[in-house]
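Take a look at the structure set out below.
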Amino acid sequence: MKDVGNRIFKAEKKNPADRADQATIASRAIIEQEAAARVKKTARLKQMRLEKEAEEAANLVAAPAKKGKAQKRK
C-alpha cells in the first residue's frame, strides 16, 4: 500500500518519443496556419492586381491617345 501512495506524488517519467510527437504536431499546426495565411494573402493581392489592371485598361480606352505636336522639318 505504501508503494501506491508514493506513486501518486511522484511524476512519471515521460517517454521522449511522446514529447517529440507533441512537438511535431505543434510545429505542423503552426506551419499549416502560416501556409493558409500566405495563400489567403496571395489571393487578396492577386485580386487587387487584377482590379487595378482592369481599371487601368478602362482608363486607356476612355482617354484617347493624345497627338503630339507635329515636328517641323528642317
Side-chain angles (χ1 to χ4, degrees):
M1 210 56 176
K2 273 187 172 181
D3 190 31
V4 173
N6 288 337
R7 213 179 321 156
I8 292 175
F9 296 106
K10 290 184 180 179
E12 289 185 33
K13 291 185 179 181
K14 295 184 179 180
N15 186 0
D18 291 340
R19 293 190 73 197
D21 290 341
Q22 289 176 344
T24 301
I25 291 169
S27 63
R28 285 185 181 163
I30 292 169
I31 290 169
E32 288 174 3
Q33 287 175 346
E34 290 175 349
R38 186 173 48 253
V39 167
K40 184 178 177 182
K41 181 179 178 181
T42 302
R44 182 177 54 87
L45 291 172
K46 182 178 180 180
Q47 181 64 33
M48 289 172 60
R49 179 179 52 84
L50 292 174
E51 288 173 1
K52 182 178 178 183
E53 288 175 354
E55 182 180 316
E56 288 175 353
N59 287 342
L60 289 176
V61 171
K66 295 181 182 178
K67 293 185 178 180
K69 292 183 180 178
Q71 295 181 348
K72 294 181 182 178
R73 293 186 181 181
K74 292 184 180 182

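Below, all heavy atoms of this structure are taken into account, side chains as well, without hydrogens, waters or symmetry copies.
- Every residue two or more places apart in sequence or in another chain that forms a side chain to side chain contact (heavy atoms under 4.5 Å, CB included) with R38 is listed here: A35, T42.
- Rounded to the nearest 0.5 angstrom, Q33 CD and I30 CD1 are separated by 7.0 Å.
- For R49, the salt bridge (charged side-chain N to carboxylate O under 4.0 Å, His left out) partners at least two apart in sequence or on another chain are E53.
- For K41, the side chain to side chain contact (heavy atoms under 4.5 Å, CB included) partners are R44, L45, not counting sequence neighbours.
- Rounded to the nearest 0.5 Å, atoms CG (L60) and CD (E55) are 11.0 Å apart.
- Paired with L50 under the rule side chain to side chain contact (heavy atoms under 4.5 Å, CB included), one option of K52, K46, M48 passes, and it is K46.
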